[in-house]
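To keep things clear, I will list the structure first and then write my remarks on it.
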Amino acid sequence: MRLISFDVSRTLHIPGVRYIKPERMFEHLDEIQAADWLLFPSYWQVSTLLHAMHKRIFPSPATYYLGHDKVEQTRAFQAICPENIPKTTIQASTCHGIDIAEAEVGYPMIVKEIRSARGQGVHLIERRRELETLAASQEVLYAQTRLPIDRDLRIVLIGDRILASYWRVTPPGGYRANVAQGGMIDHDDIPPAALALVQRVATRLGVDHAGFDVAMVGDHPFLFEFNRLFGTQGIADPGRTTATAILEWLSRSQGTPAANDASVAAEPIKKCPGEMFDVAPATV
């Protein structure tokens with residue numbers, strides 16, 4: 001296979017990969033056109049590679065489009081697994097939106113910035129004044145009930161297989177379990193229900209490279225989100241392990257273009273200036 005990577009750190013251990021800096025893409029169009037797979041393009045490259053050049057990309061278009069925005073993810077989850085989502089409301093950041101969040105979610109609530117990762121942009125809100133202050137800096141108010149948990153799961157999927165899974169234990173006195181925020185890793189007693197949920201959702205959505213965040217309340221799994229580019233602290237020998245999984249998936253997918261067919265890849269909806277929602281607000 002002829003492979004071109006736009007992210008050297010994510011493909012360092014894959015043999016035979018040609019690395020091109022994303023910003024140099026238009027200087028190498030002939031090479032890009034001749035490649036079998038284009039790996040880890042930047043988000044701004046995706047539409048051009050898919051719709052102008054009709055190339056296969058990894059991760060998949062769905063992984064990019066849904067992974068780019070928590071609102072898009074939540075609406076997709078609402079359609080396929082509403083019983084596995086914490087109570088969530090997505091509203092305009094207005095007084096009316098705040099009223100709805102209070103009525104539907106209540107305090108304490110978790111409010112998330114719609115494009116954030118590594119536990120950043122996640123806020124524990126316990127009273128209206130805090131919510132009003134945060135809402136003033138956000139275009140969209142994304143509020144979720146706070147689940148009674150002291151840990152969550154990171155489940156890593158590459159291709160159509162789960163590569164790794166582990167608990168992230170919240171630091172004492174904290175509310176974020178992300179390893180980047182001090183969460184501790186524990187590999188013991190991973191619940192099969194969480195693994196089954198991730199496998200089902202990833203297959204249904206066409207997601208093929210993601211770290212899914214799942215909470216367990218009793219025996220019931222709740223899906224928070226997935227990250228297209230995820231930390232690898234809980235994976236043994238992560239560089240070689242992920243490289244092997246990626247290469248195996250690309251080899252198996254070589255004859256099945258449907259999942260990456262640019263002619264059917266959905267173009268992400270863009271909001272116009274001043275527009276608060278691209279479709280009606282969703283409440284989960």
Side-chain angles (χ1 to χ4, degrees), residues 43 46-47 50-51 59-94 96-106 109-117 119-123 125 131 134-135 138-147 152-153 155 157 194 196-215 217 220-230 259-260 264-284:
Y43 186 81
V46 169
S47 291
L50 289 176
H51 303 296
S60 66
T63 305
Y64 275 91
Y65 293 156
L66 294 174
H68 192 61
D69 189 311
K70 288 182 174 62
V71 172
E72 301 290 347
Q73 282 190 35
T74 299
R75 290 171 176 160
F77 297 161
Q78 182 190 27
I80 64 174
C81 59
E83 69 282 0
N84 297 109
I85 311 171
K87 184 182 293 184
T88 304
T89 189
I90 302 168
Q91 302 294 331
S93 291
T94 62
H96 181 61
I98 290 171
D99 290 341
I100 294 174
E102 286 186 317
E104 295 186 352
V105 177
M109 68 175 69
I110 299 294
V111 177
K112 299 179 179 179
E113 299 174 22
I114 61 175
R115 294 193 180 113
S116 60
Q120 299 173 353
V122 178
H123 308 272
I125 302 296
L131 185 56
L134 181 60
Q138 304 298 315
E139 181 184 8
V140 175
L141 182 60
Y142 180 107
Q144 249 176 13
T145 189
R146 186 185 186 188
L147 297 179
D152 65 20
L153 288 154
I155 300 175
L157 177 136
L197 174 63
V198 166
Q199 195 82 65
R200 176 166 63 90
V201 168
T203 300
R204 180 73 179 271
L205 296 179
V207 171
D208 62 4
H209 185 274
F212 286 82
D213 296 342
V214 181
V217 178
H220 190 78
F222 285 93
L223 179 57
F224 289 133
E225 64 185 38
F226 72 81
N227 294 288
R228 173 176 59 88
L229 300 178
F230 46 84
N260 263 280
V264 299
E267 182 72 28
I269 300 172
K270 302 296 185 185
K271 291 187 279 289
C272 297
E275 221 177 26
M276 286 180 292
F277 293 101
D278 42 39
V279 297
T283 298
V284 180

Could you check Tyr64 against Ser47 for side-chain contact (heavy atoms from CB on, under 4.5 Å), going step by step and ending with a plain yes or no? CA-CA 10 Å; Tyr64 275 91; Ser47 291; over 6 Å; no

Output, in order, the C-alpha distance, side-chain angles, deciding distance and verdict of side-chain contact (heavy atoms from CB on, under 4.5 Å) for Leu141 and Ile100. CA-CA 10 Å; Leu141 182 60; Ile100 294 174; over 6 Å; no

Tell me, with the steps shown, if Asn227 and Asp213 meet side-chain contact (heavy atoms from CB on, under 4.5 Å). CA-CA 8 Å; Asn227 294 288; Asp213 296 342; 3.8 Å; yes

Can you list the steps and then say if Lys112 with Gln144 is a side-chain hydrogen bond (donor to acceptor under 3.5 Å, both in side chains)? CA-CA 8 Å; Lys112 299 179 179 179; Gln144 249 176 13; 3.2 Å; yes

side-chain contact (heavy atoms from CB on, under 4.5 Å) for Phe222 and Leu197? Distances and angles first, verdict last. CA-CA 9 Å; Phe222 285 93; Leu197 174 63; over 6 Å; no

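By the 4.5 Å heavy-atom criterion applied to side chains, Leu131 and Val111 are counted as neighbours. Between Phe212 and Leu223, some side-chain heavy-atom pair lies under the 4.5 Å cut-off. A heavy-atom distance below 4.5 Å is found between the side chains of Val122 and Ile110. Within the 4.5 Å cutoff, side-chain heavy atoms of Leu157 are placed close to those of Gln199. With contacts defined as side-chain heavy-atom distances shorter than 4.5 Å, the pair Arg200/Cys81 qualifies.
Between the side chain of Thr63 and the backbone N or O of Pro59, no donor-acceptor pair lies under 3.5 Å. At distances below 3.5 Å, at least one donor-acceptor pair connects side-chain atoms of Asp208 with backbone N or O atoms of Ser60. Counting only distance, with no hydrogens or angles, the side chain of Thr89 and the backbone of Ala101 share no donor-acceptor pair below 3.5 Å. Side chain of Thr88 to main chain of Pro86: a donor-acceptor pair is present (N/O by atom type, distance under 3.5 Å, no hydrogens or angles). Distance alone, capped at 3.5 Å, is enough to place a donor-acceptor pair between the Asp69 side chain and the Val71 backbone. Side-chain N or O atoms of His51 include none that pairs as donor or acceptor with a backbone N or O of Val46 at under 3.5 Å.
Between atom NE2 of residue His209 and atom CG of residue Leu229 there is a gap of 7.0 Å, rounded to the nearest 0.5 Å. One finds the CZ atom of Arg75 at 12.0 Å from the CG atom of Leu66 (value rounded to the nearest 0.5 Å). Remark: Ile90 CD1 to Glu72 CD distance equals 9.0 Å, nearest 0.5 Å. With rounding to the nearest 0.5 Å, the separation of CD in Gln78 from CD1 in Ile85 is 6.5 Å.
Looking only at atom types and distance, the side chain of His123 has a donor-acceptor partner in the side chain of Glu113 under 3.5 Å away.
For the side chain to side chain contact (heavy atoms under 4.5 Å, CB included) test, residues two or more places apart in sequence or in another chain that qualify with Ile80 are Val201, Arg204, Leu205.
Partner of Gln73 under the side-chain contact (heavy atoms from CB on, under 4.5 Å) criterion, chosen from Phe226, Phe224, Tyr65: Phe226.
Residues Ser93 and Ala135 approach most closely at CB-O, 3.3 Å, considering heavy atoms. Considering every non-hydrogen atom in both Tyr142 and Lys70, the closest pair reads CE1-O, 3.9 Å.
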